[in-house]
Amino acid sequence: MWGGRFATGPDAIMEEINASIDFDQRLWRQDIRGSLAHAAMLGETGILTKDDVAEISAGLKQVESEIEAGSFTFSRALEDVHMNVESSLKDRIGAAAGRLHTGRSRNDQVATDMKLWVRDTLDQIDEQMADLQLALAQKAETHAASVMPGFTHLQSAQPVTFGHHLLAYVEMLGRDRGRVRDARERLNESPLGAAALAGTSFPIDREMTAKALGFDRPTANSLDSVSDRDFVLETLAAASICAMHLSRLAEEIVLWATPQFGFVRLSDAFSTGSSIMPQKRNPDAAELVRGKAGRVFGHLQAMLTMMKGLPLTYSKDMQEDKEGTFDALQTLSLCLAAMAGMVRDMQPDLKVMKKAAGLGYATATDLADWLVRVLKMPFRDAHHVTARLVGIASEKKIGLEKLSLAEMQAVEPAITEAVFGVLGVEQSVKSRVSYGGTAPANVRRQAKRWLKTLAKG
Ligand code: ARG
């Protein structure tokens, strides 16, 4: 298609390094959609005759059905999806096919195709994120009052509820979806018609093609239009942050599912056995979600590095934007699906969680708060008294609630029997009523709010 000035064809290695068809063939829908819009515009503006446009459109639809049916053969000699489609069009309709490329270039074409693909994929990822939020919020509502240990430094900190913990991830996914929405909104300008880099002398109507392809408007600078891959970078950045969130939840699930924690049981459907140790139930899906985050981050890094230092406008380096983007988004999509499945099936062991919630003097803060509230002690003094009581209990290897009133009064004479009312884990979580806190009533309210938001879609 570009061989007019060339005496020989490319070296086999040149063909191998140059061709993108092995991976960009997945853009075929977007490519044909873009060409149909471009052809219709060329007809509307009188740049092509209506007859040519009718032939081109009918031919493109034939190519589309053939690819759809799986009977199309992509050829590496034709480099990429754009030339494969156009060449097949030429085989079908002859001369008119050559007019389709009027007023455009592969540079604006590939930017358009890629934007359309990323946009479609972001929409699908957003739906999957919403589905995971739903799975988490439903479990959270059920377990609004189920007590579990809350950790800082992975050390027992204060009791929280399982529902509260799950809703933390619903919030994260809410921000992830915000990033997806932002990326989608910013990318939604049409590069089509920027042509090779400078625009075109043909009287094209870029508003028309933009509208036909669901873009909000055409891009305003032709040089920027063919060099911009910010939309890929933003998408990969958003995907990376979400993959990071999923890997944190995955890590928690891995921990929770150990016999040592014993907080949850994963379903058979999301566990694997060991070929040598019959007792084992391995959380492979969670481990893979944790591990695959690295792949997604790697693709973001690769893309930033590929783009840095590229002079305006298009350079072939940019063909390298595809495989990583496809792989990153496919990986994220699989991780979201696996996580939703695991969360839906996961059975918490409420007894084990509640017992663990009381370990490690998790209600020490409640005791200190009581000293402040009831005895009007300054918090720093209360902290000191509590630390001494924890020291005594720890030496005796018993919980705070097992200390006698006399033992407590030996440290602080003003302590009364009433202190025992705040030392239980249930009491502790119930008291955390500040906005955003873990009190079951709060958690129930937040779960309901999310379920309502998610039902609205
Ligand atoms: N396959 C190319 C890519 O993915 C299409 C654009 C080629 N443009 C060019 N001037 N060679 O980037």
Side-chain angles (χ1 to χ4, degrees), residues 1-6 9-11 13-35 37-38 60 63 67 72-90 97-98 100-121 187 190-200 209 213 219 221-233 235-236 299 302-330:
M1 296 230 169
W2 42 255
R5 249 184 78 222
F6 288 67
D11 188 273
I13 294 294
M14 175 58 199
E15 197 174 286
E16 186 174 341
I17 195 171
N18 196 37
S20 53
I21 190 61
D22 293 343
F23 46 86
D24 72 10
Q25 54 180 269
R26 88 165 70 189
L27 296 175
W28 65 270
R29 277 180 210 282
Q30 290 76 16
D31 195 69
I32 290 174
R33 210 178 143 201
S35 287
H38 183 66
L60 284 170
V63 178
I67 302 179
F72 189 93
T73 336
F74 289 100
S75 141
R76 193 185 263 182
L78 290 165
E79 268 186 52
D80 57 25
V81 65
H82 324 295
M83 297 212 284
N84 269 270
V85 169
E86 195 183 318
S87 162
S88 168
L89 182 66
K90 183 156 173 264
L100 170 61
H101 217 48
T102 313
R104 78 169 184 191
S105 142
R106 272 192 293 158
N107 296 347
D108 57 339
Q109 197 180 350
V110 73
T112 305
D113 291 6
M114 197 61 182
K115 275 192 169 183
L116 290 174
W117 188 89
V118 168
R119 193 178 71 187
D120 288 349
T121 308
L187 78 70
S190 172
L192 194 59
L197 75 162
T200 174
T209 44
L213 296 172
T219 49
N221 181 298
S222 63
L223 303 178
D224 178 48
S225 312
V226 295
S227 346
D228 168 34
R229 292 295 181 276
D230 291 6
F231 63 98
V232 167
L233 293 169
T235 298
L236 292 180
H299 290 313
M303 223 59 75
L304 284 166
T305 312
M306 182 273 285
M307 287 301 291
K308 79 171 276 296
L310 286 189
L312 301 191
T313 56
Y314 178 85
S315 293
K316 200 62 174 263
D317 312 47
M318 290 161 72
Q319 179 165 284
E320 290 291 308
D321 66 351
K322 294 182 190 61
E323 285 163 288
T325 305
F326 296 155
D327 184 66
L329 296 183
Q330 194 171 309

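Counting convention: from 1, in listed order, for ligands and their atoms alike.
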Engineer: So which heavy atom in the protein is nearest atom 1 (N) of ligand 1, and how far is it from that ligand atom?
Structural biologist: Gln319 OE1, 2.8 Å
Engineer: Mark up the atoms of ligand 1 that fall under 4.0 Å of a heavy atom belonging to Asp80, in ascending order.
Structural biologist: 1 (N), 2 (C), 5 (C)
Engineer: With only distance considered, is His82 within less than 3.5 Å of ligand 1 through an N or O on each side?
Structural biologist: no
Engineer: Identify which one of His82, Gln30, Gln109, His101 satisfies the side-chain contact (heavy atoms from CB on, under 4.5 Å) criterion when paired with Ser35.
Structural biologist: Gln109
Engineer: Could you find the nearest protein heavy atom to atom 11 (N) of ligand 1 and give me its residue, atom name and distance?
Structural biologist: Arg106 NH2, 3.5 Å
Engineer: When you measure from the side chain of Asp24 to the backbone N and O of Asp80, does any donor-acceptor pair fall under 3.5 Å?
Structural biologist: no
Engineer: Main chain of Thr102, side chain of His38: is a donor-acceptor contact present, judged purely on distance under 3.5 Å?
Structural biologist: yes
Engineer: On a heavy-atom basis, I'd like to know which of Leu197, Asp317, Ile21, Asn107 is closest to atom 8 (N) of ligand 1.
Structural biologist: Asn107
Engineer: To the nearest 0.5 Å, tell me how far Asp108 CG sits from Thr219 OG1.
Structural biologist: 8.5 Å
Engineer: So if I count the atoms of ligand 1 from 1 in the order they appear, which ones are less than 4.0 Å from some heavy atom of Ser20?
Structural biologist: 1 (N)
Engineer: Report yes or no: does a heavy atom of Lys322 sit under 4.0 Å from some atom of ligand 1?
Structural biologist: yes
Engineer: Between Thr313 (side chain only) and Ser227 (backbone N and O only), is there a donor and an acceptor less than 3.5 Å apart?
Structural biologist: no
Engineer: Quick one: look up the protein heavy atom nearest atom 7 (C) of ligand 1 and list residue, atom name and how far away it is.
Structural biologist: Tyr314 OH, 3.5 Å
Engineer: Quick one: does Lys322's side chain get under 4.5 Å of Leu27's, heavy atoms only?
Structural biologist: yes
